[in-house]
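Ligands are counted one by one from 1 in listed order, and the atoms in each one are counted from 1 as well.
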Amino acid sequence: MADRSAEETDLFAIPVTKIKGVSAPKAGELHALGVSTVGELIEYYPFRYEDYRLRPLHEVKDGEKITVQGRIETPPSLQRFGGKSRLLCRVTVEGLLLTAVWFNRAFLKDQMEVGRDIVLTGKWDQRRRQLTVSESEFPDKGAGRTGTLQPVYSIGGSLTQAWVRQRIELALAQYGAMIPELLPPELLDKHSLMPRREAIHRIHRPENTREGQEARRRMVYEELFLFELRLQAYRAMNRKAPDGIAHKISSDDIRAFAANLPFELTEAQKTVVNEITRDMKRPYAMNRLLQGDVGSGKTVVAAIALYATVKDGCQGALMVPTEILAEQHAKSLGKLFEPYGIQVALLTGSRGARERRDLLASLQMGLIDIVIGTHALIQEDVFFRRLGLVVTDEQHRFGVNQRSILRRKGLNPDVLMMTATPIPRTLAITVFGDMDVSTIGERPKGRKPILTYWVKHDKMDRVLGFIRREAELGRQTFFICPLIEESEKLDVQNAIDLHMQLRQAMPELAIGLLHGRMTSAEKDAAMGQFAAGESTVLVSTTVVEVGVDVPNATLMIVMDADRFGLSQLHQLRGRVGRSDHQSYCVLIADPKSENGLERMQAMTDTDDGFEIARRDLELRGPGEFFGTKQSGVPEFRLANLMNDFETLEQARDDAAALTAEPSFWTAQAYAGLRDYLRREAPDYSEPLD
Ligand code: ADP
Ligand code: MG
């Protein structure tokens, strides 16, 4: 990982078996922790510290863990029961007589002489004046851990904390002097960071909390800086070539198109349209993320960008994650573009072979201006005549690969990625560090907040009453139930059952059914009927989760809501509240499920997608939040994206400034960092493609 010239010994080339006590079997166990070399051992950081510093007893609260020093006052008494034992002893600490209790440490009995000093670490029971001892040591035996912070490592197998601690200490003693510096001195100065060698020593063995924090701060900065350096360097290298499409776009055209829309664009929409068209006019390929909460009106922004590319004689592609969404977009955009003579086609996996062949031929000949589709768009046999703009909707659903394949179908087309999973800014710059970000931060005028409630399963009657009331007002209801794939499980009510039950309970209402196992034609029909108002209730699995737009639907009911993640619930809720009518979301949930109550609370507290995303991240962590593989969210060893975002922004700015400097690419001072990039960046050239 670190830069080392040839004559220097590479710590990452020295096997960990060089450390005293690391036998082959132990090395195997270390390997399972990702440690095979001395370098990796040295960089195997503790995830917390055990505090053995002495504290005055009167400051300690009941139930806290403490370390105190005292004097043994009575001979110990040992009780045995079953195979277990309990050792009791009276000790004075700061003039207070207390009882110390050890479990299963009978062997200590002989060492407990009256009058001997002893250091006790354990849990304090204020009322009984009793300390349940987890660890103890005798000061007369020489310096032990008393007064220190001891690192705690993640361990497994037969490895113990003490053993790992000792191996790392040995490694630092033997090889610590060889730890190289990675950061340029100007950055160390700028942020008052300690040198790398010192930081690594101290992170394992801090004198005090502050020192541990400072050491960590240095290593976190380095980790984030190197991460950003890869992104920014890639960006700098690729920015040089103006080999994108410089669209010719007339503002008058755009204005005229916007004026013909059935509504006026919000200020936020106007702003992002400007940002996007400005990018499109440049000879560099656009790489922009458009984020906006559900219902903020991203589709029309995409439509304007697609219009602009077609006006300039190019083709546009819109890729969406589900067939239902593809159908919906094809219909609405088809209608929107019809007066302009712009040809819109739909390409999904369920097209017949013949139809598909015709469509592909038209696309290649340029007879189709805009193609909308699912991942069917990225198949090998899809060719464009002149692809100018690629838009991906709900982009977090696509893997990086899928996006880059579509991009390669043109000569550096502009790319616009839209996401309704609002990403906190800090995460956006991490995950999409190579992209520009536009945000629609407001919803169209007149939208009322969606009133959200959560109820237990026994309130079904009231839920049905709610559906009837909305139906009387002429409004429609989505009723979401958990995935049909899980229908075998008795506790999951599947869509088909629920559909039947609702039809029996409310025979007066037309109730549709939509789930993933229906054929495309069936899905299309069910969705079409609901969109046209022919059915009042749509019982559906999460296939409607993203993007579906039926403005007359005002009630979203989610069955077993505790089975869904927060962001998913927010997406589902976003299917309503798409008109001026008051909308509602009712979550039927079991409050006893794992952090179910927190999630229901979050949903009823706020309908701000950014706030929801923040809480979701807190509950699940970034990996799961984005869904593992697709996310591209890096795993950091020390950095925590929730807490270290300021450092991340700093690191980003520093890396951008450094790589923009021509000397970075030539000066000897940066040879180490360039080596690092050469070694580490190739992995990243694909995600950033
Ligand atoms: P999302 O950002 O979730 O994709 P959509 O693009 O589907 O949102 O828009 C949600 C609804 O709001 C659609 O019915 C759309 O026609 C409507 N809409 C979009 N922009 C405006 C606007 N400026 N004023 C009024 N309605 C709008
Ligand atoms: Mg959408």
Side-chain angles (χ1 to χ4, degrees), residues 254-255 257-274 276 288-307 318-337 372-374 391-398 416-423 437-450 475-476 478 527 530-533 542-554 556 567-583 585 607-610 612-613:
I254 300 292
R255 260 194 293 274
F257 183 80
N260 279 335
L261 291 169
F263 43 71
E264 197 189 336
L265 293 179
T266 62
E267 284 310 310
Q269 284 170 322
K270 284 180 196 161
T271 306
V272 302
V273 164
N274 280 333
I276 291 164
R288 189 171 278 278
L289 178 75
L290 172 59
Q291 58 175 22
D293 205 349
V294 274
S296 60
K298 294 180 295 294
T299 314
V300 66
V301 173
I304 294 171
L306 288 166
Y307 174 73
L318 172 59
M319 183 158 82
V320 300
T322 65
E323 285 202 7
I324 290 177
L325 201 48
E327 298 266 1
Q328 175 186 297
H329 280 332
K331 271 187 204 126
S332 66
L333 295 188
K335 217 183 302 163
L336 189 62
F337 287 127
I372 296 168
T374 53
V391 183
T392 57
D393 195 10
E394 309 297 348
Q395 82 85 34
H396 61 286
R397 289 297 188 98
F398 292 106
L416 178 67
M417 286 153 272
M418 309 200 292
T419 180
T421 296
I423 299 157
V437 180
S438 289
T439 305
I440 306 184
E442 63 175 334
R443 292 185 200 167
K445 280 189 209 65
R447 297 284 160 84
K448 303 178 182 75
I450 301 165
R475 311 275 171 263
Q476 292 164 275
F478 284 106
M527 199 60 234
F530 189 66
T542 54
V543 288
V544 300
E545 179 187 335
V546 291
V548 165
D549 186 39
V550 181
N552 192 49
T554 51
M556 165 58 68
S567 296
Q568 209 180 0
L569 288 174
H570 182 66
Q571 280 286 338
L572 285 168
R573 175 167 60 183
R575 295 314 111 221
V576 298
R578 301 184 149 246
S579 67
D580 298 350
H581 307 302
Q582 178 62 55
S583 289
C585 175
D607 78 341
D608 173 354
F610 281 82
I612 294 278

Who pairs with Phe530 by ring pair (Phe, Tyr, Trp, His ring centres under 6.0 Å), at least two apart in sequence or on another chain?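 Ring pair (Phe, Tyr, Trp, His ring centres under 6.0 Å) list for Phe530, sorted by chain: Phe478.
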
Taking ring pair (Phe, Tyr, Trp, His ring centres under 6.0 Å) as the definition, give me every residue that meets it alongside Phe257, ordered by chain and number, with sequence neighbours left out.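 Counting only residues at least two positions away or on another chain, Phe257 forms a ring pair (Phe, Tyr, Trp, His ring centres under 6.0 Å) with Tyr307, Phe337, Tyr340.
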
Mind checking side chain to side chain contact (heavy atoms under 4.5 Å, CB included) for Ser579 and listing every partner two or more places apart, or none if nothing turns up?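 Per chain and number, Ser579 pairs via side chain to side chain contact (heavy atoms under 4.5 Å, CB included) with Pro551, His581.
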
Quickly, which of Arg447, Arg573, Lys448, Arg443 forms a salt bridge (charged side-chain N to carboxylate O under 4.0 Å, His left out) with Asp607? Name it, please.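 Checked Arg447, Arg573, Lys448, Arg443 against Asp607; only one passes salt bridge (charged side-chain N to carboxylate O under 4.0 Å, His left out): Arg443.
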
Lys445 and Glu267 ion-paired at < 4.0 Å: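 The answer is no: the pair does not qualify as a salt bridge.
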
I'd like the residue list for ligand 1, meaning every protein residue with a non-hydrogen atom under 4.0 Å from the ligand.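 Within the 4.0 Å shell of ligand 1, which is judged on heavy atoms, sit Phe263, Glu264, Leu265, Thr266, Gln269, Asp293, Val294, Gly295, Ser296, Gly297, Lys298, Thr299, Pro444, Arg447, Asp549, Pro551, Arg578.
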
Matching residue for Asp293 among Lys298, His570, Glu442 - test: side-chain contact (heavy atoms from CB on, under 4.5 Å):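 Going through Lys298, His570, Glu442 one by one, the side-chain contact (heavy atoms from CB on, under 4.5 Å) with Asp293 is satisfied by His570 alone.
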
